[in-house]
S.K.: 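I'd like to ask you about the structure that follows.
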Amino acid sequence: WDEPIIFELSQPGRRGVAVPEPGAPAVELPESVRRERAPKLPEMSQPHVLRHYLRLSQENLGFDLNIDVGQGTCTMKYSPKVNDGFAKAIADLHPRQPEDSVQGVLEIYARMESMLAEISGMSRVSLQPGSGSAAIYANIAMIRAYHAANGEGHRDQVITTIFSHPSNAACAKTAGYEVITLMPNADGQPDIEALRAAVGPRTAALMITNPEDTGIFNPRIKEFVDLVHSVGGLACYDQANANGILGITRARDAGFDLCHFNLHKTFSTPHMCGGPAAGASGVSEALAPFLPGPVVEAHDGRFILKYPEKSVGKIRPFLGVTQNIVRAYAWIMALGGDGLRTVAETAALNNNYLMHKILQIPGASAPWGRRRIEQARYSWQQLSEETGVHSEEIGVRAADFGVHYWTSHHPYLVPEPFTLEPTESYSKEDLDEYAAILAHVAEEARRDPEFVKGAPYNQTVHKIDMTSLDDPDQWAPTWRAYVRKHLSGKG
Amino acid sequence: WDEPIIFELSQPGRRGVAVPEPGAPAVELPESVRRERAPKLPEMSQPHVLRHYLRLSQENLGFDLNIDVGQGTCTMKYSPKVNDGFAKAIADLHPRQPEDSVQGVLEIYARMESMLAEISGMSRVSLQPGSGSAAIYANIAMIRAYHAANGEGHRDQVITTIFSHPSNAACAKTAGYEVITLMPNADGQPDIEALRAAVGPRTAALMITNPEDTGIFNPRIKEFVDLVHSVGGLACYDQANANGILGITRARDAGFDLCHFNLHKTFSTPHMCGGPAAGASGVSEALAPFLPGPVVEAHDGRFILKYPEKSVGKIRPFLGVTQNIVRAYAWIMALGGDGLRTVAETAALNNNYLMHKILQIPGASAPWGRRRIEQARYSWQQLSEETGVHSEEIGVRAADFGVHYWTSHHPYLVPEPFTLEPTESYSKEDLDEYAAILAHVAEEARRDPEFVKGAPYNQTVHKIDMTSLDDPDQWAPTWRAYVRKHLSGKG
Amino acid sequence: MTHPYIPNAEPGVRAEMLAAVGAESVEEFYADIPADLRLARPLNLPEPFVSEPDLVRHMEGLLAKNQRALSFLGHGAYAHYVPAVCDEVNTRSEFLTAYAGEPYEDHGRFQALFEYVSMMGELLEMDVVNVPTYDGFQAAGTAIRMACRYTGRNRVLVHSAISADLMSKLRDFLSHDIDIVTGAAGTEVEVDDSFAAIFVETPDVFGRVETRGRELADLAHAHGALLVVSTDPISLGVLAPPAAYGADIVCGDIQSLGMHPSYGGGHAGYIATHDHQPLVAEFPSRLFGIAPTKVPGEYGFGDVYYDRTSFAHREEGKEWVGTASALWGITAGVYLALMGPQGMKELGETVLARTRYAMDALGAHVTVLHGGDVHFREFAIEVPSARELLDGLRERDIFGGVALDDRTVLVCVTECHSIDDIDRLAAAVKEVLA
Amino acid sequence: MTHPYIPNAEPGVRAEMLAAVGAESVEEFYADIPADLRLARPLNLPEPFVSEPDLVRHMEGLLAKNQRALSFLGHGAYAHYVPAVCDEVNTRSEFLTAYAGEPYEDHGRFQALFEYVSMMGELLEMDVVNVPTYDGFQAAGTAIRMACRYTGRNRVLVHSAISADLMSKLRDFLSHDIDIVTGAAGTEVEVDDSFAAIFVETPDVFGRVETRGRELADLAHAHGALLVVSTDPISLGVLAPPAAYGADIVCGDIQSLGMHPSYGGGHAGYIATHDHQPLVAEFPSRLFGIAPTKVPGEYGFGDVYYDRTSFAHREEGKEWVGTASALWGITAGVYLALMGPQGMKELGETVLARTRYAMDALGAHVTVLHGGDVHFREFAIEVPSARELLDGLRERDIFGGVALDDRTVLVCVTECHSIDDIDRLAAAVKEVLA
């Protein structure tokens with residue numbers, strides 16, 4: 001499709017949906033609040049709005065359509081269609097309904113909390129955060145409140161690692177903390193000596209991912225936790241990468257005080273073009289009084305909402321992204337404890353199998369050792385040196401074959417990086433096909449680097465020139481800005 | 001996508017959905033009924049089945065995605081998405097539920113019947129037939145039963161016209177009638193003199209479409225009806241082409257005894273790749289006792305099912321394609337009487353506008369006069385003579401531009417035919433675009449006929465060689481036949 | 001206000017288009033319609049709900065009058081479980097709103113239907129399966145007509161106990177030129193060389209599985225007749241496909257394979273034969289097959305033997321063809337692909353086991369008919385009053401079954417009924433009869 | 001049995017893959033995990049429902065415990081009508097299951113979100129709108145932080161009456177380094193040069209429309225501060241966009257624009273500014289913009305000013321960015337495209353009129369607070385006991401509103417409430433209070 005921008009489809013007088021007549025006397029608005037000019041929204045009939053968006057949808061590539069292993073660290077797994085129906089079944093529930101009218105939803109929250117507590121070893125879990133990063137922020141808020149409640153408000157440093165998700169650093173900074181970032185040692189592990197040097201009376205917490213996006217599990221993780229505890233800090237586990245360790249090892253067992261899961265990664269809720277997602281913050285008994293409010297508790301066989309004693313308050317309106325909690329609950333219930341372990345083992349098997357295939361491609365490498373858990377960060381450094389083709393260009397060219405990978409893997413400690421995480425959802429044949437496509441593109445890069453650099457050839461649009469997007473005089477973050485700057489005001 | 005045949009995706013041991021365990025002792029089957037060999041169905045995991053069919057769906061072009069005016073006579077109009085929800089809401093209703101537990105559905109049937117009675121002028125309407133052709137068959141069955149009940153079972157001829165849908169002839173034949181087909185006169189109208197010659201004591205009925213697929217309304221239609229009545233025959237109106245005359249003229253007012261509508265054409269239910277559809281058979285008071293059973297009747301403020309006295313019996317199991325009845329009902333209720341008339345007028349306007357545009361294309365013509373109702377049959381005869389390119393090839397090439405037309409317009413009284421019916425759902429811009437694409441292809445045909453004949457270039461597959469499909473030694477109506485005949489049995 | 005469904009009803013564009021075609025008003029387009037046929041008044045229809053929320057409210061009000069209960073209803077429509085992926089695929093706009101495109105822009109539809117017939121072929125062990133007709137009733141009627149045309153005879157023995165509804169359909173569809181002879185169950189089967197076919201339904205109306213298939217086939221064939229078997233493919237994971245015991249034409253309804261009952265809207269019919277040209281020639285439905293394209297190795301699709309059809313030759317074609325139930329064919333394909341051989345087998349085992357369990361559970365309180373036969377999914381019980389039993393169960397929020405006559409109730413059990421559900425039914429039956 | 005979600009759990013393929021990588025068992029992949037961290041037992045989770053029908057039954061059992069009633073609940077989540085096309089688009093697999101592809105294979109997502117921000121821009125009369133953040137609470141918190149960073153100040157006046165929940169969020173998110181000063185409604189507004197912003201919510205927690213926007217903007221600007229306005233865009237078909245009276249940052253929740261309440265799952269936050277580079281620099285969210293491609297005239301898309309973000313610079317970026325609520329942005333775009341200018345205007349008129357009608361109807365029986373003000377969608381009533389009123393209404397199958405305190409109930413009216421619904425509420429209130 002060569003689908004225009006929606007404003008170009010507008011014709012005066014049309015509309016896509018009609019609104020009920022007031023049925024009551026009109027209200028005259030005072031001039032100070034009355035809208036003067038009608039907004040320049042598109043005017044389109046219903047089938048035309050639908051056609052436009054259906055065509056746009058066909059110009060998008062969801063998990064369901066492709067071998068989506070290239071969004072490494074994002075854990076693209078199958079979100080069962082049956083669960084969408086459960087999500088839909090709560091669409092009309094209002095979050096301020098009386099508790100006794102939403103016992104079904106509250107029971108799902110309560111059951112989900114106890115299952116995630118079992119999976120992580122934690123005591124309590126809040127499902128309020130709307131994403132993984134929001135859960136990280138919630139955890140930091142609890143850390144801050146905990147120290148403040150203990151008269152330790154002076155602790156103003158948070159330690160993280162360079163391979164932990166940027167939000168660990170960024171949320172800590174937003175919450176007022178100074179951020180100390182540990183770099184990896186020669187084995188690709190966060191350096192414990194650097195941690196030893198960093199901890200002290202100002203340490204509020206360690207925020208760490210494990211396995212990091214390299215897919216390598218940190219074997220000394222308990223030492224890290226103990227070290228932070230020894231100076232009075234808390235240890236917070238970013239479990240975005242939990243897919244390979246479900247039922248294998250648990251956050252609390254390594255001594256962590258807090259952790260979070262991304263339900264849209266590990267627990268299968270759909271990624272929705274980037275949310276709404278769902279995050280789960282798990283905490284130890286000591287942190288439980290600080291959980292965001294409200295939490296769900298059982299009381300005389302009924303489920304009620306309660307504010308924890310020293311709650312940090314609201315992270316988001318209401319209880320959480322409920323439709324995703326419902327989906328994730330149903331997913332766990334379709335698998336059970338053994339099933340989750342099979343998920344983890346298969347994710348690890350798929351990843352090591354894919355790595356085996358990728359490392360056979362001349363020019364591809366994976367730094368730091370051999371076995372991984374559920375993902376691996378690879379490098380095209382050698383290929384790039386030989387051909388001048390960059391990793392991003394290879395990913396874009398791969399899209400011409402119906403697969404893709406995402407290249408925003410700052411920081412680029414691994415040069416020319418790409419990160420693959422095959423999860424448990426893919427078949428051996430899928431992994432073979434994916435590796436074959438990358439091998440083909442790598443070969444193309446050797447044969448005709450300019451051709452690969454000129455990709456894509458098979459997509460809705462051709463190679464984009466991104467330079468104007470950083471220029472305030474040229475950027476066009478809305479159609480009205482574009483019309484003003486580039487069409488001389490003539491939309 | 002280059003999507004394999006599903007059997008090629010199978011891997012032993014996989015499955016897409018699990019089945020409940022029996023929970024009760026197994027039953028030993030006697031050998032005579034026990035299946036010996038497992039069927040060679042594909043073995044696939046759930047995300048893979050989904051991906052396969054989603055890709056196939058993207059290789060298909062529904063109304064929602066394109067300017068679907070090329071399936072002339074099929075009345076491709078917008079099927080509102082909101083109505084799909086109503087259809088879904090009755091999915092779990094069982095057709096043998098007690099009447100008092102399905103009052104909502106029965107009320108919709110009753111209301112729908114009276115609305116269609118008003119629209120057609122008929123006394124009663126059966127919604128049982130599963131399609132337009134099934135409604136034609138139901139009408140013939142009623143005609144047969146009516147004559148038999150009146151001791152006129154000797155009437156063994158049905159008269160139809162060449163531009164009426166083939167099912168009028170074919171259903172009559174199946175029902176045991178001899179079929180007499182009227183050809184058009186010089187004005188493109190069925191010849192009344194030919195009718196006069198055909199009617200007689202053997203005449204059971206006239207089955208006629210109006211406007212025919214030419215889009216021309218037969219101004220002498222009442223004379224046709226009167227003539228048939230004069231010899232004791234019945235007049236049956238195929239209203240597949242009713243979209244342009246809703247609220248303008250009615251079947252019963254012209255004297256017809258029976259008529260049928262295609263709810264999936266005129267009343268917006270989706271075409272579903274070719275059904276399930278829904279047909280409505282309307283009849284006069286005299287024919288009402290012969291309606292297929294059961295019918296819905298109001299009784300003491302409740303709706304009940306009843307068998308008409310002299311019912312022809314079942315046309316299909318149960319009451320009809322209920323989800324489509326619900327959709328069609330909702331569609332009428334969103335428009336009302338005035339809205340239906342606007343539908344008709346706009347369909348006529350769109351058609352005449354499109355005809356105006358098409359006739360500007362050199363090489364295109366539309367036989368028989370100027371104004372049409374809701375569709376028109378065109379001819380590429382001139383273009384074809386000049387270039388050697390056939391209508392079908394032009395339609396296929398148009399598909400490369402995201403639109404298409406259907407070329408199965410037997411009989412080919414109009415040479416190199418194509419039939420366009422723009423309905424009320426399209427915008428002026430859509431019609432302009434459609435005409436521009438045809439103009440472009442016609443121009444291509446003049447410039448490079450071989451190129452157009454070699455189309456398509458932009459579709460999932462390239463030009464198909466259909467010859468094997470008529471050869472019993474080569475045809476492969478299933479994969480197992482293909483494997484046997486073309487892969488030497490090695491699937 | 002411009003209606004959301006009718007873009008060109010907007011007065012400005014309407015005027016512009018009229019001007020382009022040179023018409024004063026739309027009346028010109030209706031010039032051919034004589035004045036005395038013109039409706040001189042507005043249609044007398046209810047006030048519309050133009051706004052979508054108002055329409056939704058109206059419809060929800062109507063739909064709320066429908067009720068649900070624990071249901072043991074069958075007798076021609078079945079509440080097997082519909083996997084979510086089936087609904088996901090058949091509600092895709094691309095499939096839901098497509099019609100009759102060419103095998104280029106509609107390649108997906110052709111392939112999906114070809115795959116459906118191919119999977120049915122595997123289940124049935126037959127090489128030719130039609131693009132679905134309306135329903136199992138139509139499939140049975142057409143299958144019998146095919147046998148008559150093939151043999152040039154016009155008599156059929158309906159051997160099995162079939163439903164009154166199916167018999168009504170067969171009479172309407174066949175009896176003007178075909179003799180329908182019914183064989184009472186249990187009696188000797190008698191056919192002679194005037195018969196075109198023996199028609200068998202298995203499981204029959206009482207849920208009994210026909211065990212004498214081979215015998216009937218041999219008998220039919222001995223007289224130059226065909227064996228036509230109607231069967232629900234849902235059973236074929238465990239039951240032998242009719243072709244295995246000699247059936248020549250197999251037909252039935254695929255509603256069980258992924259379609260919701262939808263108050264009777266879930267039906268579609270299949271007809272299958274071996275790849276025997278003279279019999280293939282008798283199909284009225286479309287048949288889709290693989291065809292090569294300009295590019296070696298590419299699979300194209302098209303119509304097999306199109307000349308058979310009424311599309312090609314009007315009344316000279318076989319019966320007629322038109323819009324039927326294609327989307328349910330695609331859906332049944334999705335269903336079979338999800339289930340696979342193992343799923344179909346397990347489903348069959350579960351249904352067999354639970355049916356037997358239900359027969360035993362109810363047998364403790366009422367007479368179960370034909371208790372010694374193999375039953376799949378359905379069985380009948382005899383009670384003092386069918387009406388009173390069903391009313392009593394209804395009060396207990398159970399649709400207990402379908403009354404076949406005053407004293408006989410047909411009970412249906414699928415994989416969706418848990419053992420608890422069956423126990424609940426049995427307990428309720430006991431209570432009502434007490 | 002191989003689980004339907006895990007293709008490679010099948011033992012044969014598992015063995016084959018292990019052999020390919022040269023591993024004895026999956027244990028090798030876990031070699032880095034010390035033994036004392038290994039969970040030595042199976043997870044103690046409930047027995048699963050592996051078969052889909054069993055799972056559906058379990059879930060339906062739970063979900064059936066939720067109840068519905070005629071609802072006048074609002075106070076942060078709103079049951080506006082959701083057009084069916086919104087759900088159709090946002091349940092498409094292509095959008096539902098996509099994530100973060102490049103602007104080639106995910107061109108559709110980029111365009112749909114660009115169109116969303118562009119339509120919001122028209123509604124707001126502002127040139128820069130973010131790809132949605134989590135919800136209106138987050139948008140308010142971030143908008144205030146943006147004002148603080150922009151002005152280099154750390155004090156904000158919350159001028160409007162806002163909900164306790166929003167205040168809780170603002171305190172959690174801001175108060176460690178920003179002073180939140182609250183102004184009691186009706187009192188004189190006092191700010192000085194230490195203030196970064198005046199924060200206004202309109203309609204406020206009581207549904208009152210702020211009429212002194214221009215005055216507040218002038219006051220803020222006079223002190224070098226910004227006016228930050230939080231508003232529900234659903235009202236902007238009739239109410240002036242805050243930019244029209246001088247707002248510098250506008251923010252709020254888009255749940256009303258096509259999202260179901262979903263027990264709190266329908267929220268997404270927007271933030272908008274003019275195209276003023278220093279203020280644009282303070283956005284933490286992604287901004288999508290048009291960019292040219294190799295082919296003249298083709299629209300490509302990409303990130304505007306990516307360097308602002310934590311993706312680019314971790315803690316040196318502005319706050320943080322991550323997965324938020326993109327699909328609700330796309331959906332809100334569909335909603336606005338369906339409604340168009342006329343639909344938004346009519347919707348606003350209907351809500352205004354029905355709100356006033358409800359105030360008058362209830363005013364006959366109870367005290368309506370702030371009755372002289374312009375209300376949009378919500379208003380508060382004062383009653384002897386909020387609890388008793390709501391319980392009494394509940395018995396009459398009505399969720400009558402939200403108790404703001406022991407004596408105050410907030411009532412919400414949208415276009416989905418018919419005049420009959422409002423009359424029914426009023427009659428029930430009268431009854432309960434009698």
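The structure displayed is predicted, hence computed values, not measured ones. Reminder, nothing fancy here: chain letters follow the sequence lines and each chain counts from 1.
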S.K.: Non-hydrogen atoms of chain D under 4.5 Å away: do they reach the side chain of E59(A), the backbone, both or neither?
M.R.: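 When you check distances to chain D, atoms from both the backbone and side chain of E59(A) fall under 4.5 Å.
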S.K.: Below 4.5 Å, heavy-atom pairs only: which of D84(A), D253(A), I315(A) has the largest tally toward chain D?
M.R.: I315(A)
S.K.: Name the member of R34(A), Q71(A), Q103(A) that forms the most heavy-atom pairs with chain D at distances under 4.5 Å.
M.R.: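 The option with the most such pairs is Q71(A).
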S.K.: Which is it for H52(A) and E115(D) under the side chain to side chain donor-acceptor pair (under 3.5 Å) test, yes or no, and what are the steps along the way?
M.R.: CA-CA 11 Å; H52(A) 176 70; E115(D) 291 177 349; 2.7 Å; yes
S.K.: With the threshold set at 4.0 Å, does a side-chain nitrogen-carboxylate oxygen contact exist between R484(A) and D127(D)?
M.R.: yes
S.K.: Could you tell me which portion of I5(A) (side chain, backbone, both or neither) has an atom closer than 4.5 angstrom to a non-hydrogen atom of chain D?
M.R.: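 For I5(A), backbone and side chain are both near chain D.
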S.K.: Can you tell me if R144(A) and H176(D) form a side-chain donor-acceptor pair at under 3.5 Å?
M.R.: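 R144(A) vs H176(D): donor-acceptor pair found between side chains.
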S.K.: Any idea which of D470(A), V396(A), L335(A) has the most non-hydrogen atom pairs under 4.5 angstrom with chain D?
M.R.: L335(A)
S.K.: Could you list the residues that satisfy salt bridge (charged side-chain N to carboxylate O under 4.0 Å, His left out) with E16(D), not counting sequence neighbours?
M.R.: K428(A)
S.K.: Quick check for you: among T249(A), V321(A), L54(A), which has the greatest number of heavy-atom pairs under 4.5 Å with chain D?
M.R.: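 Among the listed options, the one with the most contacts to chain D is T249(A).
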S.K.: For chain D, which of Y353(A), Y482(A), Y426(A), W475(A) has the most heavy-atom pairs under 4.5 Å?
M.R.: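 It is W475(A).
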S.K.: Strictly below 4.0 Å, N to O, side chains only: are D253(D) and R316(A) in salt-bridge contact?
M.R.: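 Salt bridge flag = no for R316(A) with D253(D).
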S.K.: Look at R371(A) together with D32(D) and state whether they make a salt bridge at an N to O cut-off of under 4.0 Å.
M.R.: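 The answer is no: the pair does not qualify as a salt bridge.
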S.K.: Heavy-atom pairs under 4.5 Å with chain A: which of V402(D), T355(D), L287(D) has the most?
M.R.: V402(D)
S.K.: Could I get the full list of side-chain contact (heavy atoms from CB on, under 4.5 Å) partners for P80(A), not counting sequence neighbours?
M.R.: Y78(A), V82(A), N83(A), S268(A), W331(A), Q46(B), Y5(D)
S.K.: Can you measure from OH (Y99(D)) to CZ (F63(A)) and round to the nearest 0.5 angstrom?
M.R.: 14.5 Å
S.K.: Please determine, by modelled atom types, if E298(D) and H462(A) share a side-chain donor-acceptor pair under 3.5 angstrom.
M.R.: yes
S.K.: Between V129(D), L347(D), L113(D), D177(D), who has the most heavy-atom pairs with chain A when the cutoff is under 4.5 Å?
M.R.: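 Highest number of heavy-atom pairs under 4.5 Å: L347(D).
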S.K.: Can you tell me which of V117(D), V85(D), D135(D), V89(D) forms the most heavy-atom pairs within a distance under 4.5 Å of chain A?
M.R.: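 Looking at each of V117(D), V85(D), D135(D), V89(D) in turn, D135(D) comes out on top.
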S.K.: Please test Y134(D) against S131(A) for side chain to side chain donor-acceptor pair (under 3.5 Å), starting from the C-alpha separation and ending with a verdict.
M.R.: CA-CA 8 Å; Y134(D) 307 118; S131(A) 78; 3.1 Å; yes
S.K.: Can you tell whether the side chains of E346(D) and R15(A) come within less than 4.0 Å, N to carboxylate O?
M.R.: yes
S.K.: Tell me if a side-chain donor or acceptor on N60(A) pairs with a main-chain N or O of R109(D) at a distance below 3.5 Å.
M.R.: yes
